[in-house]
Amino acid sequence: MKYFSTAISEPSQGPPHFVAVGYLDDQLFSYYDSNSQKVQPRVSWMEKYVREVDPQYWDRETQISRGTEEWFRENLEILRNRDNQSEGLHTWQRMLGCELRRDGSKGGFMQYGYDGRTFITFDKETLSWVAPDPQAQITRSQWDALLAQNQYIKSYLEQECIDWIRKYLPYGNETLLGTEPPGVTVRGKTEVEDGMETHVCRLDGFYPREIDASWTRDGEVWKEETFHGFLAPNAGGTYHYWISIRIDPKERGCYRCHVEHDGLQEPLDLDLEVFEVRAAAGTRPRTDFR
């Protein structure tokens with residue numbers, strides 16, 4: 001389970017904008033921003049959990065998020081003033097989360113970033129803060145002195161956070177363990193300048209996030225002139241991704257787009273002569289993502 005919080009400030013645009021999201025595995029389950037001022041569900045199983053187990057959940061989480069938003073704004077202002085940054089766009093971010101592994105072992109982390117770089121990280125074994133950024137030394141000294149707070153953070157990461165995972169899993173497992181096969185399209189075009197061809201293999205609508213996609217030449221993975229897009233989420237809880245390759249059109253018959261995913265009954269190898277293919281559904285049931 002992971003939580004991501006971000007405050008974005010540009011003095012000329014008014015107060016900082018704030019967004020906080022929660023993920024269980026790679027599935028977005030809660031969302032808050034400074035416009036709505038309210039924590040909202042993003043999956044149906046979360047609504048069911050609140051309805052059946054914890055009716056006050058949304059009100060309680062909303063109050064916590066509003067307090068976090070105010071704290072983020074104050075910290076962003078402190079950092080901007082400390083560095084005499086009265087203008088321009090600035091961000092203050094936090095990532096925190098925990099992990100419950102199959103063997104019963106646990107993991108947890110908390111770190112902050114300023115303007116897109118790692119600013120300070122919590123070491124829960126020593127109850128201290130690590131500051132790779134020289135500008136974070138003042139913050140490190142102040143936060144290291146907060147012994148009770150650091151003990152609470154360790155307790156949250158190792159116990160409370162894990163307890164929440166255990167509470168959520170009975171409700172979320174149906175979708176978290178489900179699969180959606182990728183829809184795959186292969187399209188090509190000829191480049192006028194040098195006569196080379198660019199082919200793009202697009203994969204869309206798949207879940208879970210993990211997917212293995214590559215270009216092969218005569219059955220072997222081919223990395224030359226291969227480019228990868230970002231593996232990114234869709235609005236409905238699935239993902240999309242693409243890979244492209246530049247080739248000599250005379251060798252078109254040598255190349256394939258190779259795809260492996262849990263939602264497929266078997267790997268796909270798509271010929272460049274086939275310009276649109278929809279992967280067959282796997283043997284596991286489809287899931288209804290919101």
Item to check | Step-by-step ring-ring contact (aromatic ring centres under 6.0 Å, His included) determination, Tyr241 to Phe230 | outcome: CA-CA 6 Å; Tyr241 180 58; Phe230 290 105; 9.4 Å; no

Next on the checklist: For a quick test of reading the model, state the closest non-hydrogen atom pair linking Val186 to Cys201 and the distance between them.
Outcome noted: CG2-SG, 4.1 Å

Checklist outcome for this item: Exactly one candidate in Lys38, Glu69, Arg66 meets side-chain hydrogen bond (donor to acceptor under 3.5 Å, both in side chains) with Tyr32; the answer is Glu69

Checklist entry - Are a donor atom and an acceptor atom from the side chains of Tyr171 and Glu52 found within less than 3.5 Å of each other? => result yes

Next on the checklist: Ile120 vs Val130, test: side-chain contact (heavy atoms from CB on, under 4.5 Å). Steps then yes/no.
Outcome noted: CA-CA 6 Å; Ile120 195 167; Val130 179; over 6 Å; no

Next on the checklist: Is the ring pair Tyr112/Trp129 parallel, tilted or perpendicular, if the boundaries are 30 and 60 degrees?
Outcome noted: tilted

Item to check | Shortest non-hydrogen contact from Thr226 toward His228 | outcome: CG2-NE2, 3.8 Å

Next on the checklist: Can you confirm whether His261 sits close enough to Pro208 that some side-chain heavy atom of one is under 4.5 Å from a side-chain heavy atom of the other?
Outcome noted: yes

Next on the checklist: Determine whether Arg256 and Asp271 satisfy the following criterion, side-chain contact (heavy atoms from CB on, under 4.5 Å), listing intermediate values before the conclusion.
Outcome noted: CA-CA 5 Å; Arg256 303 286 187 277; Asp271 192 290; 3.2 Å; yes

Checklist entry - For Tyr156, what residues pass the ring pair (Phe, Tyr, Trp, His ring centres under 6.0 Å) criterion, not counting sequence neighbours? => result none

Checklist entry - Should Asp194 and Arg246 count as an ion pair when the cut-off is N to O under 4.0 Å? => result yes

Next on the checklist: Over 60° means perpendicular and under 30° means parallel, so tell me whether Tyr114 and His90 are parallel, tilted or perpendicular.
Outcome noted: parallel

Item to check | Polar contact flag, side-chain donor to acceptor under 3.5 angstrom, Tyr239-Glu180 | outcome: no

Item to check | Other residues, nucleotides, ligands: >12 heavy atoms within 6.0 Å of Glu266 CD | outcome: no

Item to check | Residue Arg202 excluded, over 12 heavy atoms near CZ under 6.0 Å | outcome: no

Checklist entry - In terms of ring plane angle, is the pair Trp92 and Phe119 parallel, tilted or perpendicular, where the classes change at 30° and 60°? => result perpendicular

Checklist entry - Which residue, Leu231, Thr185, Val259, forms the side-chain contact (heavy atoms from CB on, under 4.5 Å) with Leu203? => result Val259

Item to check | Side-chain heavy-atom pair Cys254, Asp218 within 4.5 angstrom cut-off | outcome: yes

Checklist entry - Salt-bridged, Arg217 to Glu251, with N to O below 4.0 Å? => result yes

Checklist entry - Below 4.5 Å, heavy atoms only, C-beta onward: do Pro182 and Ile211 meet side chain to side chain? => result yes

Checklist outcome for this item: For Gly178 and Tyr207, the nearest pair of non-hydrogen atoms, with its separation, is O-CD2, 3.4 Å

Item to check | Test item: side-chain donor near acceptor, Ser36 and Asp33, under 3.5 Å | outcome: yes

Item to check | Tyr255 and Trp215 aromatic centres sub-6.0 Å | outcome: no

Checklist entry - Mind checking whether Phe29 and Tyr23 have ring centres under 6.0 Å apart? => result no

Checklist entry - Less than 4.5 Å apart, any side-chain heavy atom of Met95 and any of Gln111? => result yes

Checklist entry - What are the two closest heavy atoms between Leu157 and Gly97, and how far apart are they? => result CD2-O, 3.6 Å

Next on the checklist: Walk me through whether Lys124 and Glu158 qualify under salt bridge (charged side-chain N to carboxylate O under 4.0 Å, His left out).
Outcome noted: CA-CA 9 Å; Lys124 63 185 181 66; Glu158 293 184 345; 3.1 Å; yes

Checklist entry - Side chains of Trp58 and Glu47: is there a donor and an acceptor less than 3.5 Å apart? => result no

Checklist entry - Is the charged tip of Lys167 near the ring of Trp164: under 6.0 Å from the six-membered ring centre and within 45° of its axis? => result yes

Checklist entry - In terms of side-chain heavy atoms, does Gln93 have a donor or acceptor partner in Arg117 at a distance below 3.5 Å? => result no

Next on the checklist: Under a 4.0 Å threshold between the charged nitrogen and the carboxylate oxygen, would Lys189 count as salt-bridged to Glu197?
Outcome noted: no

Item to check | Any pair counted as salt bridge (Lys or Arg N to Asp or Glu O under 4.0 Å), so long as it reaches residues 55-64, sequence neighbours left out | outcome: Asp54-Arg60

Next on the checklist: Would you say that Ile247 contacts Leu272 through its side chain, given a criterion of any heavy-atom pair below 4.5 Å between the two side chains?
Outcome noted: yes

Checklist entry - Which heavy atom in Ser34 sits nearest to a heavy atom in His17, and how many Å separate them? => result OG-ND1, 2.8 Å

Checklist entry - Under 6.0 Å from the NZ atom of Lys154, do we count more than 12 heavy atoms belonging to anything else shown? => result yes

Checklist outcome for this item: Correct closest heavy-atom pair for Pro181 and Leu264 would be CB-CD2, 4.0 Å

